[in-house]
Amino acid sequence: MLSRQMIYENVKSFRGAINGPHILAFLPAITLGAFWLGGESALLVVALLLPAALGLVGGATARIPPPEARDGLTGLHLRDAVEGALDTSLESQPKSGLSTACLQVELDDFRDFTDRFGRKAAEDILVRASERILGALRSNDVMARLDGGSFSIAVAPIRRADLENLIQMGSRIQSTIAEPFSLDATNVYLTASIGFCLSTRTSIRSGSAMLEAAECALFEARRHGPGGLRAFSPEMKKKAEDQSALIGEVGAALEAGQIQPWFQPQVSTDTGEISGFEALARWSHPTRGIVSPAEFLPAIQQAGLSERLSEIILFHALSALRSWDQTGIHIPRVGVNFSSEELRNPKLVEKIRWELDRFDMTADRLSVEILESVVAGSDDDTITRNISGLSKLGCGIDLDDFGTGHASIANIRRFAINRIKIDRSFVTKVDVDPEQNRMVSAILTMAERLEIETLAEGVESVGEHATLSQLGCGHVQGFGIGRPMPLSETVLWMEKHAGKLTQTPAIGRKQG
């Protein structure tokens with residue numbers, strides 16, 4: 001059976017053959033042939049009218065529409081189809097009383113997935129994910145693939161397109177994506193973030209505007225971590241516009257030196273002395289002042305500038321070490337956070353070695369801080385090789401936010417972790433909450449058995465500091481010790497801290 005595409009191409013070719021001036025060249029021959037075959041007047045008329053009739057047929061073929069465009073990979077509609085379906089539903093809504101909605105679905109961190117497993121595997125997962133999403137929809141809903149791991153859906157008109165129905169639909173889609181995908185005999189797991197816009201909860205009256213509104217809701221969903229689900233509200237549009245402007249600014253801000261590290265001190269619980277600093281990115285905006293990292297770090301990631309940020313923070317962190325050395329203050333080490341994108345750079349170890357050589361620093365003065373979620377979810381050979389290579393180089397390997405990413409003991413060993421940083425969620429009120437106390441005690445016992453150093457983040461009170469010291473935590477960091485500060489303020493802070501040490505008794509760990 002001929003496909004619509006083949007029929008269209010054949011008719012198009014036929015039309016080209018008959019619908020042109022060259023057909024006139026055959027008119028005398030046709031007329032003469034008709035005369036010698038009998039000269040019947042009717043035959044002559046047919047001969048004379050044949051070209052015109054063929055021309056009409058050719059003209060009719062011009063009105064045959066081309067086949068509908070589809071995504072070459074998944075076979076899904078393209079964006080225009082969803083936009084058109086929404087326009088049609090909105091136009092008929094006043095008479096029909098039916099309402100519609102638009103959903104934007106995005107597979108979380110799909111760019112990272114593609115980098116990790118390769119383009120072919122990513123395309124295979126995309127096809128299967130699209131089939132799963134289609135299976136969660138009704139037959140008359142219209143779904144399109146946008147780009148990468150993003151999809152849009154026009155909900156066919158229904159009597160009651162309300163918040164509850166859309167949340168249920170979004171949850172069904174998320175549940176089907178959460179089921180494991182088999183890839184080369186290995187199970188891989190994905191999540192999806194979803195934003196949606198209801199025609200009954202907005203004054204929007206066009207398909208394109210509804211798509212944009214659902215995109216705003218999707219942006220808000222992503223802001224709250226993977227697997228988010230949000231409905232559009234007018235306030236979201238302003239947030240999305242601000243974020244878009246931020247994405248446009250961060251590149252120039254990086255190169256202009258507006259984004260640099262501030263340094264937060266880390267203190268030994270045994271001696272009270274400074275054991276290091278963590279370099280934390282801060283943006284000194286010329287009109288907005290200090291921009292929160294929670295605002296601009298997602299913009300950095302969306303702009304594809306995570307590696308560039310790491311390079312800048314590393315440069316200034318090593319510059320700070322050299323500056324402190326020159327003033328006669330020895331800081332054992334400085335910690336720099338490395339993103340998963342940076343850890344997938346096959347030339348990372350060489351780049352770090354080159355930077356250390358440039359500043360004449362030994363590798364042990366740099367702590368490479370890695371999120372526990374990266375370690376827990378990574379089967380990437382490049383990440384494993386890079387962390388192993390940095391460890392062999394002599395860098396310290398710190399596991400950040402420990403307790404939030406479910407890293408196994410096997411992974412702690414595999415990635416040669418030197419120190420775990422206990423997340424502040426476990427540290428808060430450790431001095432007054434028995435459950436918190438037991439959790440921290442268990443973590444510290446495990447670390448001691450594995451001969452791994454420990455540092456508690458988010459320490460805000462003297463009580464928390466004292467309790468952590470008594471439980472055996474080696475180092476502390478947090479607002480109760482010192483807030484992040486620009487390099488220019490660090491020397492004065494260190495001088496004041498040294499003065500406090502001479503006035504107060506040391507907080508020693510519990511003996512026993």
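Position 1 is the first residue of the sequence, and the numbers go up from there.
- Taken from CD1 in I331 to CD in E273, the straight-line distance is 10.0 Å, to the nearest 0.5 Å.
- Under 4.0 Å is where a charged nitrogen must lie from a carboxylate oxygen, and between E341 and R344 no such pair does.
- Between the CD1 atom in I452 and the CE atom in M446 there is a gap of 6.0 Å [rounded to 0.5 Å].
- Formation of a donor-acceptor pair under 3.5 Å by the S175 side chain with backbone atoms of S171 is found in this model.
- Using a distance-only test at 3.5 Å, with no hydrogens or angles considered, no donor-acceptor pair links the side chain of D108 to the main chain of P226.
- Remark: aromatic rings of F277 and W324 are close, center separation under 6.0 Å.
- Using the six-membered ring where Trp is involved, H285 and W283 have ring planes that are tilted, between 30° and 60° apart.
- Using a 4.5 Å cut-off on side-chain heavy atoms (C-beta onward), L393 and L366 make no contact.
- No more than 12 heavy-atom neighbours from other residues, nucleotides or ligands sit within 6.0 angstrom of CD on E451.
- Side-chain contact between L297 and L309: present, with at least one pair of heavy atoms (C-beta onward) separated by less than 4.5 Å.
- Distance alone, capped at 3.5 Å, places no donor-acceptor pair between the D184 side chain and the T186 backbone.
- The pair E355-K351 fails the salt-bridge criterion, with no side-chain N (NZ, NE, NH1 or NH2) lying under 4.0 Å from an Asp/Glu carboxylate O.
- Judged by distance alone, with hydrogens and angles left aside, the side-chain atoms of Q174 form no donor-acceptor pair with the main-chain N or O of T191 at under 3.5 Å.
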Run the side-chain contact (heavy atoms from CB on, under 4.5 Å) test on I194 and Q104 for me, step by step, so that the C-alpha distance in whole Å, both residues' side-chain angles and the decisive distance to 0.1 Å come before the verdict. CA-CA 6 Å; I194 299 176; Q104 295 273 40; over 6 Å; no
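- Across all non-hydrogen atoms, the minimal contact from P346 to N386 is O-OD1, 4.2 Å.
- Between P265 and M485, the shortest heavy-atom contact is CD-CE, 3.9 Å.
- Side-chain contact between I133 and I177 is present, with heavy atoms from C-beta onward closer than 4.5 Å.
- Contact annotation: the side chain of F232 never approaches that of L198 to less than 4.5 Å [non-hydrogen atoms, C-beta and beyond].
- Taking CG from D433 and CZ from R438, the interatomic distance works out to 8.0 Å, rounded to the nearest 0.5 Å.
- You'll find the side chain of W493 stays beyond 4.5 Å of the side chain of F263, heavy atoms only.
- A donor-acceptor pair under 3.5 Å links the side-chain atoms of R145 to the main chain of G148, judged by distance alone.
- One finds a salt bridge joining R365 and D325 here, because a Lys/Arg side-chain nitrogen approaches an Asp/Glu carboxylate oxygen to under 4.0 Å.
- Within 6.0 Å of atom CZ in R111, 12 or fewer heavy atoms from other residues, nucleotides or ligands are found, so the atom counts as exposed in its surroundings.
- Of all the heavy atoms in T269 and C473, the pair that sits closest is OG1-O, 2.5 Å.
- With a 4.5 Å cut-off on side-chain heavy atoms, T490 and I329 do not count as touching.
- Taking a 6.0 Å sphere around CD of E489, one finds it holds more than 12 heavy atoms contributed by other residues, nucleotides or ligands.
- Judged by distance alone, the side chains of T362 and D364 do bring a donor and an acceptor atom under 3.5 Å apart.
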As a quick check of understanding, evaluate salt bridge (Lys or Arg N to Asp or Glu O under 4.0 Å) for E311 and R308, giving each step before the final call. CA-CA 5 Å; E311 292 172 355; R308 180 58 181 148; 3.2 Å; yes
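- Other residues, nucleotides and ligands contribute only 12 or fewer heavy atoms inside 6.0 Å of the NZ atom of K429.
- In plain terms, the two heavy atoms of A279 and I313 that are nearest each other are CB-CG2, 3.9 Å.
- Note that the CG atom of L137 and the OG1 atom of T176 stand 10.0 Å from one another [nearest 0.5 Å].
- Counting heavy atoms from C-beta on, the side chains of E448 and E453 never come closer than 4.5 Å.
- Side-chain contact, E106 with S193: no donor N or O sits under 3.5 Å from an acceptor N or O.
- Using a 4.5 Å cut-off on side-chain heavy atoms (C-beta onward), V462 and D431 make no contact.
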Would you sort out whether V267 and V459 count as a side-chain contact (heavy atoms from CB on, under 4.5 Å), showing the intermediate values? CA-CA 11 Å; V267 170; V459 178; over 6 Å; no
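- Taking the centre of each ring, F426 and F402 stay at or above the 6.0 Å mark.
- The main-chain N or O of N437 is found under 3.5 Å from a side-chain atom of S441 such that the two form a donor-acceptor pair.
- Here the rule is salt bridge (charged side-chain N to carboxylate O under 4.0 Å, His left out) with E369, and of K421, R333, R419 only K421 fits it.
- Between E295 and R288 a salt bridge is recorded (basic side-chain N to carboxylate O distance below 4.0 Å).
- Both the sub-6.0 Å distance and the 45° axial angle are not jointly satisfied by R230 relative to the ring of F219.
- With hydrogens and angles ignored, the 3.5 Å screen pairs no side-chain donor or acceptor of S469 with any backbone N or O of H465.
- Between the OG1 atom of T74 and the CZ atom of R128 there is a distance of 14.5 Å, given to the nearest 0.5 Å.
- The only member of E464, E457, E460 that meets salt bridge (charged side-chain N to carboxylate O under 4.0 Å, His left out) when paired with R424 is E460.
- Counted by atom type alone, S268 and H475 present zero donor-acceptor pairs between their side chains at under 3.5 Å.
- Under the 30°/60° scheme for interplanar angles, the aromatic rings of F117 and F113 are found to be tilted.
- Pairing each heavy atom of Q436 with each of S425, the nearest pair is NE2-O, 2.8 Å.
- Taking each heavy atom of T454 and A447 in turn, the nearest pair found is CG2-CB, 3.4 Å.
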Intermediate values then yes/no, side-chain contact (heavy atoms from CB on, under 4.5 Å), I370 and V368: CA-CA 6 Å; I370 304 161; V368 177; 4.1 Å; yes
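- A donor-acceptor contact under 3.5 angstrom links the side chains of E278 and N337, judged on distance only.
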Working note: F338 + V336, criterion side-chain contact (heavy atoms from CB on, under 4.5 Å); need CA distance, chi angles, decisive distance, verdict. CA-CA 6 Å; F338 283 76; V336 175; 3.8 Å; yes
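- Although no hydrogens or angles enter the test, the distance criterion places no donor-acceptor pair under 3.5 Å between the side chain of S388 and the main chain of T384.
- Atom CD in Q301 sits 10.0 Å away from atom CZ in R222 (nearest 0.5 Å).
- For D357, the CG atom is densely surrounded, since the number of other residues' heavy atoms within 6.0 Å is greater than 12.
- Judged by distance alone, with hydrogens and angles left aside, the side-chain atoms of S323 form no donor-acceptor pair with the main-chain N or O of S319 at under 3.5 Å.
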